[in-house]
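Take a look at the structure below.
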Amino acid sequence: MATEEKVNILDEFKVKHEKNEIDTSKKLKVGIIGTGWIADAHMEEYLKMPDIEFVGAADLIPGKADAFLEKWGVKGARTYLSHKELLDNEELDAVSVCTYNATHAECTIYALEKGVNVLLEKPMCVTTEEAVAICKAEKASGKIVSVGFQPRFDENMKMIKEIVESGELGEVYYIQTGGGRRRGIPTPFGTSFIEEETAGIGALGDIGCYSLDMLLNAIGYPKPLTVTGYKSDFFGKADDYEHKDVFGVDDFAAAFVRLEGGIILDFRISWAMNMDTCGDALILGKKAGLRIPSTECWNGSIGGPLKIYRNIGSSEVCTEIPEKNNDGEGNFYKKIRSFLDAVKTGGPAPVPTSQILYNQAIIDGICKSANLGHEIEIEIPEV
């Protein structure tokens with residue numbers, strides 16, 4: 001029987017909370033494109049920043065941007081009915097793109113062409129081709145795009161990466177990741193998340209991108225090579241689901257992906273299923289294995305202490321690493337703040353497109369493989 005240890009594995013994994021002073025001598029002019037519910041989270045954090053001036057918001061629904069600014073008590077900012085009008089008429093340093101998945105690329109590329117830095121909400125976009133176009137536009141502009149993966153700033157997510165980089169696991173050869181909701185199709189504010197025209201992808205893009213990033217970021221984002229993908233929409237199309245007539249994306253997906261370096265990725269994601277979890281995330285190395293407990297409703301964090309399994313001599317040992325406390329500002333604040341700091345210093349982007357391009361290519365590859373019914377090569381053009 002394995003013996004159990006409850007210890008902090010190494011001193012370097014301890015949380016070091018630092019609060020940097022914000023330079024208010026230069027104010028950044030900021031706007032938001034798309035004023036739906038995720039834009040509220042952006043505005044809440046922007047209003048905490050003493051070094052920004054919020055100058056404008058755009059939304060294609062008449063009156064929506066005005067109501068958004070009124071709700072947040074923002075005075076003096078102007079509103080527009082399109083991203084082009086906002087970017088053509090305002091001198092912006094940075095913009096949050098909070099639109100439908102299907103318009104992420106269009107809005108981001110236009111902003112970059114106008115010389116504006118972009119905080120792009122997840123998923124990066126819908127297809128690999130769109131992701132490549134964003135990367136090319138970013139490179140040509142000299143500006144930065146940071147993709148909105150706030151779980152990266154969670155202390156426990158950082159710890160996963162620190163454990164891998166410490167060499168504790170040895171050479172990684174297999175990772176298993178996924179997120180599960182027993183019933184959690186997101187329609188509290190309408191159906192834009194589930195319609196093909198606006199969303200393009202479903203659970204894969206909504207929470208699948210987070211799940212992929214959790215482990216791919218930890219192991220250094222190796223390039224994906226091939227994928228065998230599966231997706232379904234059984235719950236979104238079920239007779240008893242109120243939005244079945246407009247549901248046009250995936251509510252469950254799974255895949256087997258070969259990565260550079262001989263690493264295998266086993267992945268599954270769910271908005272709805274007849275199970276409470278898709279299982280714990282695993283990173284298997286040649287020296288040790290790491291178990292990352294799942295959460296019942298996947299939210300970008302962990303469901304309990306991490307555990308490292310290894311042998312010491314003839315003994316099977318399990319080292320339990322206590323969860324870290326995310327003291328101080330929240331992860332969404334850190335996402336916004338790190339982006340603004342990068343804009344001021346000229347980068348690099350906190351969550352770079354060069355990494356999330358691989359994330360998007362896997363998601364797109366799953367969709368393409370599922371549609372074809374067989375394994376495919378993942379082709380990513382040079383940027």
Using the salt bridge (charged side-chain N to carboxylate O under 4.0 Å, His left out) rule, take Glu171 and Lys287 through it: C-alpha gap first, then chi angles, then the decisive distance, then the call.
-> CA-CA 7 Å; Glu171 182 183 351; Lys287 288 169 58 179; over 6 Å; no
Evaluate salt bridge (charged side-chain N to carboxylate O under 4.0 Å, His left out) for Glu165 paired with Lys161, printing each intermediate quantity in order.
-> CA-CA 6 Å; Glu165 291 180 342; Lys161 185 174 178 65; 3.1 Å; yes
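Within 6.0 Å of the NZ atom in Lys136, the count of heavy atoms belonging to other residues, nucleotides or ligands does not exceed 12. No more than 12 heavy atoms of other residues, nucleotides or ligands lie within 6.0 Å of NZ in Lys139, so this atom counts as exposed by the packing criterion. Counted within 6.0 Å of CD on Glu113, heavy atoms from surrounding residues, nucleotides or ligands total more than 12; the atom is thus considered enclosed.
Distance check, rounded to the nearest 0.5 Å: CZ of Arg78 to CG of Leu86 gives 9.5 Å. Note that the CD1 atom of Ile264 and the CD1 atom of Ile175 stand 9.5 Å from one another [nearest 0.5 Å].
Looking only at distances, a side-chain donor or acceptor of Glu130 sits under 3.5 Å from a matching main-chain atom of Val126. Under a 3.5 Å cut-off, the side chain of Asn117 and the backbone N or O of Ala94 do not form any donor-acceptor pair. For the pair Asp250 (side chain) and Ala253 (backbone), a donor-acceptor distance under 3.5 Å is absent. Checking side-chain atoms of Thr177 against main-chain N and O of Ser211 turns up a donor-acceptor pair under 3.5 Å. With His243 contributing its side chain and Gly236 its backbone, the two residues share no donor-acceptor pair below 3.5 Å.
Only one option out of Asp251, Asp233, Asp206 pairs with Trp271 in a side chain to side chain donor-acceptor pair (under 3.5 Å); it is Asp206.
Remark: Lys244 is not positioned above the aromatic ring of Tyr241, lacking an NZ or CZ atom under 6.0 angstrom from the ring centre and at most 45 degrees off the axis. Both tests hold for Lys84 against Tyr110: distance to the six-membered ring centre under 6.0 Å, angle to the ring axis within 45°.
Closest approach of Lys231 to Asn371, counting heavy atoms only: CE-OD1, 3.4 Å.
Taking Lys368 as the reference, Glu129, Asp364 meet the salt bridge (charged side-chain N to carboxylate O under 4.0 Å, His left out) condition, with sequence neighbours excluded.
Ring centers of Phe149 and Tyr210: under 6.0 Å apart, within the cut-off.
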